Novice: 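Structure in structure tokens, see below.
One-based numbering, in listed order, for ligands and for the atoms of each. Model, not experiment: these values are computed from the prediction.
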Amino acid sequence: MKTFSKSFTQQEAIPEDAIAAAVEVMRTGRLHRYNTVEGERSETELLENDFAEYMGVPYALACSSGGYALHVAMRAAGVKKGDLVLCNAFTLAPVPGAINNSGASPVLVDVDENYCIDLDDLDRKAQSSGAKYFMISHMRGHIADMDRVMAICEKYDLALIEDCAHTMGAYWDGKKSGTFGVAACYSTQTYKHINSGEGGFLITSDEQLMAKAIMYSGSYMLFANHSAAPAPEAFEQIRFDTPNYSGRMDNLRAAILRPQLANLDRQCERWNTRYALMQDIMQHCDAIRLTQRPEKEQYVASTIQFSLPNFSIDQIQAVVAESANRGVALKWFGADLPNGYTSRYDSWRYIDDMPSLPVTEKLLASLLDMRIPLTFTEQDCQLIAEIICDVVKYIQDK
Ligand SMILES: *Cc1c(COP(=O)(O)O)cnc(C)c1O
């Protein structure tokens, strides 16, 4: 029997040049982003410039987490108490949490069989709810048909905010994920595409939105120390009535992120190589349904999803248990109660008027999910795929 023994939660070490940059910051003692000496630009400011340039947008703000960036993006886009915000029912808890934090209520939209937001349901709910904001979560790196997403946004005059926690480095039809809406947010938490423990970004091309976001992030009156930012005049009107919701990034994190960002595209290729190797093996297992990905989607597959459409709930749970016995950690999104990082939409019980979403429940009940840490070699990924196929066959024949 094949088994695997590496950890599914072990990320790569921080690269040596990033460690050296962090040590340099610590030697100066100037860890706060606004603590600079004459003529110096802080690592945080430089990181924002790097990220804006990487994304091809004028403005970027580095902040304390991805969830914080989502919250501030909504506030800066004009979300107010009592507003409705459309969002994916299949996402992670920080997304509805950020909507709640901005005083709004989520309107949950179904998932489709490729784990994207269901665009028919989006169209229906945009119409029936009258919501003016849409937070799309490119959950697990699956990018919905953005041509149609944009058409729906136009039809209902929706302001789109993209949650790109899983699509840093990805594109739709040659256009970077995160450049479709009025703003986009990223996470640099340990399990995302670049790692500073905690951290995040907000990007936009909208001058007023960024000016507000910078004020919210806790710039005091030091907004002139941002260069991936609008000129100081843009702050004239808003600086007295935009509250400070302190959530800045610090120079230590920024220092370790800059070298990682410079290497991001290379890392994305490494993920995709591993994903392709797994798919090549798993496609030969009849019981497994792999995700169909449109040609326009240039994804970054740092995780893999598949489903077992003909398996009962008991069989799926047996697959998870037997895979775990053999050292392969699969996550199941169908559980009634939240478990680890995963939770089903109906566990966010603070949401008013919780809808019942039978389509989403049915699809999630057969969905399995696995992280692909870059500490796994290509051979590791092949072995894992073989183990998954063996286990699926074993449970099927049982
Ligand atoms: C991680 C994550 C976030 C938020 O990131 P944090 O930095 O942990 O706050 C948002 N959306 C999704 C889908 C995520 O996975």
Novice: Partners of K125 by salt bridge (Lys or Arg N to Asp or Glu O under 4.0 Å), sequence neighbours excluded?
Specialist: D121
Novice: Out of curiosity, L368 CG to I304 CD1, how far, rounded to the nearest 0.5 Å?
Specialist: 11.0 Å
Novice: Please report the shortest heavy-atom distance between P94 and L70, naming the atom on each side.
Specialist: O-CD1, 4.2 Å
Novice: Show your working on side chain to side chain contact (heavy atoms under 4.5 Å, CB included) between N272 and Y299 and close with a plain yes or no.
Specialist: CA-CA 8 Å; N272 286 350; Y299 51 81; 3.7 Å; yes
Novice: Using distance alone, with no hydrogens and no angle criterion, decide if H142 and Q305 have a side-chain donor and acceptor under 3.5 Å apart.
Specialist: yes
Novice: State whether a side-chain donor-acceptor pair under 3.5 Å links T188 with S196.
Specialist: yes
Novice: What short N/O contacts, under 3.5 Å, does ligand 1 make with the protein, listed by atom pair and distance?
Specialist:
{"unit_1": "ligand 1", "atom_1": "5 (O)", "unit_2": "S187", "atom_2": "OG", "d": "3.3"}
{"unit_1": "ligand 1", "atom_1": "7 (O)", "unit_2": "G66", "atom_2": "N", "d": "2.8"}
{"unit_1": "ligand 1", "atom_1": "7 (O)", "unit_2": "S187", "atom_2": "OG", "d": "2.7"}
{"unit_1": "ligand 1", "atom_1": "8 (O)", "unit_2": "Q189", "atom_2": "NE2", "d": "3.2"}
{"unit_1": "ligand 1", "atom_1": "9 (O)", "unit_2": "G66", "atom_2": "N", "d": "3.4"}
{"unit_1": "ligand 1", "atom_1": "9 (O)", "unit_2": "G67", "atom_2": "N", "d": "2.8"}
{"unit_1": "ligand 1", "atom_1": "11 (N)", "unit_2": "D163", "atom_2": "OD1", "d": "3.3"}
{"unit_1": "ligand 1", "atom_1": "11 (N)", "unit_2": "D163", "atom_2": "OD2", "d": "2.8"}
{"unit_1": "ligand 1", "atom_1": "15 (O)", "unit_2": "H166", "atom_2": "NE2", "d": "2.6"}
{"unit_1": "ligand 1", "atom_1": "15 (O)", "unit_2": "K192", "atom_2": "NZ", "d": "3.0"}

